[in-house]
Peer 1: 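Below is one structure. I have some questions about it.
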2 protein chains.
Amino acid sequence: MNDHKRRPTIKDIASLAGVSIGTVDRALHNRRGIDPQTRQRILTIAEKIGYRKNRVASILTRKKPLVFAAVFPQKLHYFYDDVRQGFKEAIEALQDFKVYPLVYSVESLGQGEENVLQKLLQEDIDALVLTPGHRSKLNPLINQFVEKNIPVVTVSTDAPESKRLTSVCVNPYQNGELAGELLAKIVTGPRVAIMVGSLEIEDHRQKVDGFTNAFLAMHPDGEVVAVVENHEREELAAQNTEELLRKYPDLAGIYVATANSVAVCKVLAEQHTNHDIKLITTDLFEEMVDYLKKGVIQATLFQNPYRQGWEAVNILFQFLTEKRKPPTHHYLEPVVVMCSNLDFYYPQFKRRVLK
Amino acid sequence: MNDHKRRPTIKDIASLAGVSIGTVDRALHNRRGIDPQTRQRILTIAEKIGYRKNRVASILTRKKPLVFAAVFPQKLHYFYDDVRQGFKEAIEALQDFKVYPLVYSVESLGQGEENVLQKLLQEDIDALVLTPGHRSKLNPLINQFVEKNIPVVTVSTDAPESKRLTSVCVNPYQNGELAGELLAKIVTGPRVAIMVGSLEIEDHRQKVDGFTNAFLAMHPDGEVVAVVENHEREELAAQNTEELLRKYPDLAGIYVATANSVAVCKVLAEQHTNHDIKLITTDLFEEMVDYLKKGVIQATLFQNPYRQGWEAVNILFQFLTEKRKPPTHHYLEPVVVMCSNLDFYYPQFKRRVLK
DNA sequence: TTGAAAGCGGTACCAT
DNA sequence: ATGGTACCGCTTTCAA
């Protein structure tokens, strides 16, 4: 177990096989210009002595840098800025391996992504990270990159029908479940409501499903009395909230499955004296901190945007440098954030850089 | 921002300064045998062109492997096996950098650590990771390693008076706070109790403090009616629990700040019909899973032992390869684990390996 | 004090 | 089809 025996190198293989290191390289990398016999012999030897290539050395000899391109939205700063930051810092940590960032922005999710991707298709990049807004339009574009041998990883949103390598995100269904379980435990009455951005959005629908299932499973006589859409508009969110309060005077909890929860908080903070409504929200940004501390928000489910960007880079790096194929989804854990662990995640959870 | 300009190398510095790369190396590493004038000149140039050494290349030239030694307990398998696993896999991921593990075990925390460390002092190791049991006895030993220029990182427990580089752990006070806040939100009555292993243990005492403060702050008329010690003995834990139930028929919650919570669960599961007691526990292992699913345990605070081992390795690696000094404490986030996010952490949370 | 050169473990390209 | 060798960026040793 405590082995520090020297790792075998191509030289070892070469001398064992009685050939040059050039030939060994040919055999190992399936290059042409080598006798199938010798290749087989070399591969057998390599296998036998447990050869594994030294990535450090092989990277050192790479002449062209690896360029990792990214396309992220600007709007919803609190979220995508963190994704971008994670992306950049992950690359920064890989600088010794000659990895460089090439970052593009679109105004908001789904706005002009095609243009940027078209432009990127001309550039000489080695990998692509993006948050696809319009899947149906983007799928063919994504596939074009893949066909050019440029792996693509989606972040936070997905384009599952495309040939992207993997998707880094928090499983929305699980996220909903966690919210449902938590609210079921906190709530003092059986009736709760859900607010989403839009039920058209797959992510939001899945959160609703996960929440509903978990809440009903955990709460003996629980009931989800309403699912309302705020279409990411503050006034509508406020209006919806007031309506909920009026319509269900005994409402015991609300789960806001989209990031736009501030309007809800405002309404609840004002009406606070009359109702005892437990609020579970999604994501984390500045305006929420006070509401968390004041107890208007009981807990929020954090999706770790910084880490999403970070992980995307590392998945791609591993794929490019050692052909390691990731599973089709790379799910991060949703995190229950309350007052006492807020500091870990706000203003921004800096993953301690590994290596 | 999108720079892929080639990073400057010592060669660049050399030609700019009109010296050989050997001299540049001497200047950069403060080696002897160089004119202070030239050194200064070289350092200025390096600074000006923003030189940063390529760790990949420098590691490649290292002839001797780095040996990372570890001493972990065997008992409390569910916890220390994960720490060990994290330690090993982190090193595995660094194998291209010629890092090798040297793992020793002691039977349980504080049992015979001195012997093992004495033995290790003779060996040619480059770094040491351990879970110090008896601090007072271990401090001088730890310092001996440090004085031999072998950095030491403590994991999960600490030896703060020693010269260890840093300690990787979950801040027990924060852990307690999180428990307190959570229980305050879940509980249906004001009176709760705490069970620890022993109040002699700093870690447990801090959890008690953190819990108490947070619970009282969050719960308007909350009251911590008892703090009992189970001395990590099942019978005692069971006995204590029964006593609590008898003495405080209105008990609304229990926080078990030590890992030994199964006995408590058993008692509560039996008495379940009479009392509505919310239970928050610590750590996660097999026997707890059922109790979580049945709702006997409301939530448990996971301390991510796997990641603790992993992080220790990477902190040491960074320290050794780039002199990066970590802060005196490396706190990991305590994680709220309930049914719906259990899968991420059990049987064992495998951090997706980065790079 | 300084320079030159070998070598780490691969890759790439030339020559044979 | 195969061998030889320069080179990536740095460390280390040996000469000068």
Side-chain angles (χ1 to χ4, degrees), chain A residues 4-43 45-46 49-66 94-99 320-323, chain B residues 4-43 45-46 49-66 94-99 320-323:
Chain A
H4 10 149
K5 51 179 173 247
R6 202 172 61 76
R7 267 173 78 187
T9 71
I10 47 170
K11 274 189 190 166
D12 298 327
I13 303 180
S15 68
L16 280 172
V19 297
S20 75
I21 60 168
T23 305
V24 174
D25 183 64
R26 280 180 275 264
L28 291 175
H29 294 82
N30 249 316
R31 303 190 210 283
R32 10 165 273 163
I34 180 174
D35 189 302
Q37 307 265 319
T38 20
R39 152 169 304 143
Q40 197 43 61
R41 195 157 48 89
I42 289 171
L43 290 181
I45 292 175
I49 66 175
Y51 171 80
R52 295 178 57 188
K53 98 152 131 191
N54 185 322
R55 283 148 64 220
V56 165
S58 88
I59 283 162
L60 193 57
T61 66
R62 193 178 53 216
K63 64 285 114 241
K64 283 185 57 183
L66 289 179
L94 291 175
Q95 56 162 338
D96 285 347
F97 300 96
K98 295 186 193 162
V99 184
L320 289 173
T321 57
E322 33 181 334
K323 301 185 184 142
Chain B
H4 9 150
K5 48 177 176 252
R6 204 174 58 76
R7 266 175 76 188
T9 72
I10 45 171
K11 270 189 192 165
D12 298 325
I13 302 180
S15 67
L16 280 173
V19 297
S20 74
I21 59 168
T23 304
V24 174
D25 183 67
R26 278 180 276 263
L28 291 175
H29 294 84
N30 248 315
R31 301 192 213 285
R32 7 165 274 162
I34 180 175
D35 188 302
Q37 307 266 319
T38 18
R39 152 169 305 139
Q40 197 42 60
R41 194 158 46 89
I42 289 171
L43 289 181
I45 294 175
I49 66 176
Y51 171 80
R52 293 181 58 189
K53 100 154 129 191
N54 185 321
R55 284 146 65 219
V56 165
S58 87
I59 283 162
L60 192 59
T61 67
R62 194 178 53 217
K63 63 285 125 245
K64 283 186 60 183
L66 289 179
L94 292 175
Q95 57 162 337
D96 284 347
F97 300 97
K98 296 188 191 159
V99 184
L320 289 173
T321 59
E322 35 182 332
K323 303 186 183 147

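The chains referred to below are lettered A, B, ... by the order of the sequence lines, with proteins before strands, and numbering in each begins at 1.
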Peer 1: Rounded to whole Å, please give me the gap between CD1 in A:I21 and P in D:dT5.
Peer 2: 11 Å
Peer 1: Starting at CZ of B:R52 and ending at P of D:dG9, how long is that distance when rounded to a whole Å?
Peer 2: 16 Å
Peer 1: Remember a base hit wins even if backbone is also touched, and classify B:V19 as base, sugar-phosphate or nothing at under 4.0 Å, heavy atoms.
Peer 2: sugar-phosphate
Peer 1: So does A:K323 have more than 12 non-hydrogen atoms from other groups sitting under 6.0 Å from NZ?
Peer 2: no
Peer 1: Tell me whether the OP1 or OP2 atom of D:dT2 has a side-chain N or O from A:T38 closer than 4.0 Å.
Peer 2: yes
Peer 1: With heavy-atom distances below 4.5 Å as the criterion, would you say the side chains of A:R26 and A:D35 are in contact?
Peer 2: no
Peer 1: Using whole Å, what does the distance between atom P of nucleotide D:dG9 and atom CD1 of A:I59 come to?
Peer 2: 13 Å
Peer 1: As a test of reading the structure: which of C:dG3, C:dG9, D:dC8 is closest to the side chain of B:T23, going by heavy atoms?
Peer 2: C:dG3
Peer 1: Would you say B:T61 places a side-chain N or O within less than 4.0 Å of OP1 or OP2 belonging to D:dC10?
Peer 2: no
Peer 1: Please state how far atom CG in A:D25 lies from atom C1' in D:dC8, giving the value in whole angstrom units.
Peer 2: 15 Å
Peer 1: For A:R7, is there an ion pair with B:D96 - N to carboxylate O distance below 4.0 angstrom?
Peer 2: yes
Peer 1: Touch check for A:R32, heavy atoms < 4.0 angstrom, all strands: base, sugar-phosphate only, or nothing?
Peer 2: nothing
Peer 1: If you only use heavy atoms from C-beta on, which nucleotide in D:dG3, C:dT1, C:dT11 is closest to the side chain of A:R26?
Peer 2: D:dG3
Peer 1: Quick one: which of D:dC10, D:dT2, C:dG9 gets closest to the side chain of A:I34?
Peer 2: D:dT2
Peer 1: Report which part of the nucleic acid B:R39 touches: base, sugar-phosphate, or nothing (heavy-atom distance under 4.0 Å, all strands).
Peer 2: nothing
Peer 1: In whole angstrom, give the distance that lies between atom CZ of A:R55 and atom C1' of D:dC8.
Peer 2: 17 Å
Peer 1: Under 4.0 Å between a side-chain N or O of A:K11 and OP1 or OP2 of C:dG7?
Peer 2: no
Peer 1: Which nucleotide sits closest to the side chain of A:H29: C:dT11, C:dG9, D:dC10?
Peer 2: C:dT11
Peer 1: Does B:K98 put a side-chain nitrogen or oxygen below 4.0 Å from OP1 or OP2 of C:dC8?
Peer 2: no
Peer 1: How many Å lie between NZ on B:K63 and P on C:dC8, as a whole number?
Peer 2: 12 Å
Peer 1: Indicate yes or no for a side-chain donor-acceptor contact from A:K53 to the backbone of A:S58 under 3.5 Å, with no hydrogens or angles considered.
Peer 2: no
Peer 1: Counting side-chain heavy atoms from CB outward, which of C:dT2, D:dG9, D:dT12 is closest to B:D35?
Peer 2: C:dT2
Peer 1: Figure out the CG/P separation between A:L66 and D:dC8, and round it to whole Å.
Peer 2: 17 Å
Peer 1: In whole angstroms, how far is the P atom of C:dG9 from the CD1 atom of A:I10?
Peer 2: 10 Å
Peer 1: Charged N to carboxylate O under 4.0 angstrom, A:D12 versus A:R6?
Peer 2: yes
